[in-house]
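Written below as structure tokens is the structure these notes are about.
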Amino acid sequence: MNNLCIRFRDAILPIAGIIAAWQLLAALRIVNPVLFPSPVQVFFAAGEMIRSGVLWTDALVSLRRAATGFFIGATLGVLTGLLTSRVRIFSIGLNPLFNLLRPIPAIALVPVAVVWFGIGEQSKYFVIAYSVFLAVWLSTHHGMEHVPDIYIRAARSLGASRGLEFFQVVIPASAPHIFAGLRFGAALSFLSLVAAELTGASAGIGYRLEEARQYILVDRMFVGLVELGVLGATLDSIFVWIGHRLVHWEQA
Amino acid sequence: MKLSLSIGKTGNLSGAGFGQLFWRLFGRLNPYRRDNDSPRHHPGMSVEDKRSETTERTPLHGSPDERAARALAEPGGPLIECRALTHTYHTRLGTRITAIADVTLAIDAGEFVCLLGPSGCGKTTLLNMVAGFLAPTAGELRLDGKAIHGPDPDRGVVFQDYSLFPWLTVESNIAYGLLMAGMSAERRKAEVGALLDLVGLPHIGAQYPFELSGGMKQRVAIARALATHPAVLLMDEPFAALDAMTRESLQRQLLDIWTRTRKTILFVTHNISEAIFLSSRIVVLSSRPGRIVEDIRLPEDSRPRKRTSPEFNRLYERLAQAIGVEGSE
């Protein structure tokens, strides 16, 4: 109970403080309230968006895109990471390509994706999956390459074959790295989501931001930003929660 | 973090349970699974094991008397035989380094041999070759008359760094070699229980390695290495990372295990008093390239050896001189 109080205090109080400071700043009217809305204005804008239903549909549409893109990218990333870290010919052939692709931001791929896949859902999946894939591949590849030699030696001298050693030693030993990559990939899926939705979308949080820009409705933009922040933070804490249990021996 | 720690201690799986369950199930993912009661025998599996085949494996390590009788009954060459063994390698900058040069050594079954030498004299290289982690550049290396090719459960290894698999419980760590040999779950459980008793840690089977102290981890590592009934136990400075008090208590325990099992032990150390306290024979290697400079057999009459006795100190002086360092402690 006491513990819960402390967690409540640590989580809620800073946010309440920030909102209070924000309200105070807006009430001073240093900046035009149309350009810098107060929390109360944002709250009312959100209420309006909830009543018209766009808040939920946007969130659902965006979450579905992020989840689909993440799933595709993460699956391919882990599988490719397994290949490039274990099979030499794959690492020789693919690592240079991936290292060239990594500095290219997801947003730069949007025009290409629209030409290739049209303005439908596929182009969004492509952009999100692309950025998730590279992050997950890199951490999987790195984690598998750096499995401590001592575990491999111990397993071999206890009679493990190479096939078994892969499943029973290499994968669990690199699981913390793979999981860190998945967590980073989840955050990236949100970043690239907005990039993908800024063009050629008719719903979603990114689209709503772009729409609000056209009507200069800054309060609605803020609703979108808060929505992204809350969804992203919730998703991340879910990943942390799973990670603590899945790779429970990593007492980081 | 605090949560999973306390859960591990109490053995209550409610909180962190799904991760533990996940890895337990994942570990079962075994495409080559043979879950039968006849343990697979490797081509070079332990001499002692083949001997004890006829008797039965249940008395875990046999009494010393039985072992001695068997050893007498079966004449033969030495257990480990190194002939003109050399190992050279190239550093990243291309320098050629000879770690071990022309080492000829024969170790009999039941001996406790310490490889003693200054840091970087190639004693670990020699151990790694016996373990099968490194191949000799030149020379011959045989275990029980058969050439050594790669690691095998007939040579149990205890490493200097903690090598227990952190994702497995202590029990599963110890049982790993038995699982690989295809032993049934019930027999694994019985063997693990006996091994935990042997190393004096009967109640920690359900814990995870990160919950243990350094000394406990190394005792579990010894149990894991002994589980497959290896012909020889290879130990690479296993107590070097421990504090002085823990180290001495582990030395006493290892000595106790050796007297009870009469397992052949090859033990690498740079600690002179550790070597004198433990071994029945001390092989001193010179600095790079490693060559044998002394080969001393110690009398067995005064166990455990008193670190303060005059004989102990005389030997200490002699070894320190052979190594070329004064009082390397």
Side-chain angles (χ1 to χ4, degrees), chain A residues 1-7 10-11 78-79 82 86 140 143-180 182-183 237-252, chain B residues 1-5 7-8 15-23 26-33 40 42 45 128 131-133 150-168 173 175-182 208-211 221 224-225 227-228 230 234:
Chain A
M1 187 58 212
N2 197 18
N3 202 355
L4 214 69
C5 283
I6 290 167
R7 283 177 69 175
D10 288 354
V78 170
L79 292 178
L82 298 185
R86 304 302 286 182
T140 305
M144 294 240 164
E145 283 223 302
H146 291 81
V147 170
D149 216 25
I150 198 166
Y151 295 150
I152 306 275
R153 286 182 166 185
R156 291 251 172 98
S157 69
L158 290 167
S161 64
R162 270 162 200 268
L164 277 182
E165 167 201 294
F166 180 73
F167 284 104
Q168 300 187 331
V169 178
V170 176
I171 288 186
S174 50
H177 286 275
I178 297 174
F179 203 81
L182 289 177
R183 183 183 165 194
S237 54
I238 290 171
F239 265 83
V240 170
W241 188 85
I242 296 172
H244 262 316
R245 280 150 187 82
L246 200 60
V247 287
H248 57 89
W249 62 90
E250 281 282 301
Q251 302 293 307
Chain B
M1 178 191 133
K2 221 160 86 190
L3 194 71
S4 57
L5 250 171
I7 281 162
F18 98 80
Q20 298 176 352
L21 189 69
F22 176 86
W23 292 112
F26 195 85
R28 293 290 139 90
L29 217 130
N30 179 342
Y32 315 93
R33 192 162 181 75
R40 173 174 58 130
H42 295 260
M45 196 150 177
N128 280 340
F133 302 143
D152 192 278
D154 63 8
R155 281 154 281 138
V157 188
V158 181
F159 301 86
Q160 174 175 357
D161 297 318
Y162 304 130
S163 65
L164 296 177
F165 303 130
W167 54 89
L168 295 180
N173 262 289
Y176 190 78
L178 303 175
L179 182 74
M180 292 299 103
Y208 279 85
F210 67 81
E211 300 173 87
R224 183 175 72 170
T228 52
L234 305 171

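To find a chain, count down the sequence lines: A is the first, B the second, and so on, and within it residues start at 1.
- For a heavy-atom cut-off of 4.5 Å, chain B lies close to A/Val169, A/Ile171, A/Pro172, A/Ala173, A/Ala175 in residues 169-178 of chain A.
- Legend: residues meeting side-chain contact (heavy atoms from CB on, under 4.5 Å) with A/Arg156, ordered by chain and number and at least two apart, are A/Ile152, A/Arg162, A/Glu165, B/Pro151.
- In this pair, A/Phe179 and A/Phe239 present their aromatic rings tilted. The plane angle is within the 30 to 60° band.
- Residues satisfying the salt bridge (charged side-chain N to carboxylate O under 4.0 Å, His left out) test with B/Asp161, not counting sequence neighbours, are none.
- Side-chain contact between A/Trp249 and A/Val247: present, with at least one pair of heavy atoms (C-beta onward) separated by less than 4.5 Å.
- The greatest number of non-hydrogen atom pairs below 4.5 Å with chain A, out of B/Gly177, B/Gly132, B/Pro166, is found for B/Pro166.
- Going from atom CD1 of A/Ile242 over to atom CZ of B/Phe22 covers 11.5 Å, rounded to the nearest 0.5 Å.
- If you measure heavy-atom distances from B/Leu168 to chain A, you find no contacts under 4.5 Å at all.
- When side chains are defined from C-beta on, A/Phe166 counts as touching A/Met144, because their heavy atoms get closer than 4.5 Å.
- For the side-chain hydrogen bond (donor to acceptor under 3.5 Å, both in side chains) test, residues two or more places apart in sequence or in another chain that qualify with B/Arg224 are B/Ser163, B/Asn173.
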